[in-house]
A.B. asks: 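My questions all concern the structure below.
In listed order, ligands and their atoms are each counted from 1. One is the number of the first residue; the rest follow in order along the sequence. If you're wondering where the values come from, they're calculated on a predicted model, not measured in any experiment.
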Amino acid sequence: MRHPKVSDCVEVFDSLWPPALAEPWDSVGLAVGDPDAEVQSILLALDPMDAVIAEAVVLGADLVFNHHPLMLKPVKSVNAATLKGGAVHTLISNDIALFNAHTNADSARGGVSDVFISLLGIEGAQPLSPHDEADDSRRGSLPTGIGRVGDLDRPTPVRDLARRLAAQLPRTTTGVRIAGDPAATATRVAVCGGAGDSLFDEVRASGADVYVTADLRHHPATEALDAANRRESGLSLIDVSHWGSETVWLSAAAEALEAEFARRGFTVSLQHSAVNTDPWVERY
Ligand SMILES: [Zn+2]
């Protein structure tokens, strides 16, 4: 068994979360690093925050595999005195590569929303906002796209679903919140790991009784509830922590990576970051 190069790692990542699945506005792939450098250890994290990069330095990691991009918007300089430039300098001066799979990891089968909906015992869920099947570059054996929708085994009170999620997600300051009627029963569940309040049209079209996502804001939430009440179709919302909804995917990602590196004859150590990058730390 040999250690992969950064370029081998990129091939492995792209095979699991094809970059063609990323949204057009996104920034995914190798952000920092030398494709020819050898990789003995990889640190998996959600956010390229300074604390995560410092952790990678301390651990001697050769590559940080990240979900959220360091440079989503174009930068005009990597001056070390700036936030992004400082991160790039620390990474390069410690020979650490940085790669991220973002909306491609959300959309892929086995990706963020598949792992998230499986916490509710739903397997084989369909994309909430499917990719165009006519687009060859995105076609796979199963439909891909943002969010998932699927059916529970039996009608379940929304309150019980929220409790089930609270028991399985890491404990967070903002917790798990319900909007709408907690006693309403749900059969059809829509989810979107991370911020999902742009998908209410898709949620309505899917016929879901409950929508589980993160970062729900006042106006989109109240308007979605009113619209559902007016149609008498009923809709409840469950809001979880953005970090919590996505961090559960990292464990599944590590398992998939371990298998794929081994299949290709590579040995590499994979470690889940111990840094909690949920920004909320206290509530009163
Ligand atoms: Zn996210």
A.B. asks: Counting only protein N/O/S, how many atoms fall short of 2.8 Å from the Zn ion (ligand 1)?
C.D. replies: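 Of the protein's nitrogen, oxygen and sulfur atoms, 4 lie under 2.8 Å from the Zn ion (ligand 1).
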
A.B. asks: Under 4.5 Å between side-chain heavy atoms, hopping through other hydrophobics if needed: is there a path connecting F99 to V78?
C.D. replies: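 Not linked; separate clusters.
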
A.B. asks: Who are the ring pair (Phe, Tyr, Trp, His ring centres under 6.0 Å) partners of F116, not counting sequence neighbours?
C.D. replies: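 F116: no ring pair (Phe, Tyr, Trp, His ring centres under 6.0 Å) contacts found.
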
A.B. asks: Flag yes if more than 12 heavy atoms outside Q168 fall under 6.0 Å of its CD atom; otherwise flag no.
C.D. replies: yes

A.B. asks: Taking atom CG of L237 and atom CG of L225, what is their separation to the nearest 0.5 Å?
C.D. replies: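 The CG atom of L225 is 4.5 Å from CG of L237, to the nearest 0.5 Å.
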
A.B. asks: Parallel, tilted or perpendicular: which fits the ring planes of F65 and W17, with parallel below 30° and perpendicular above 60°?
C.D. replies: tilted

A.B. asks: Taking the six-membered ring for Trp, is the centroid-to-centroid distance between H67 and W249 below 6.0 Å?
C.D. replies: yes

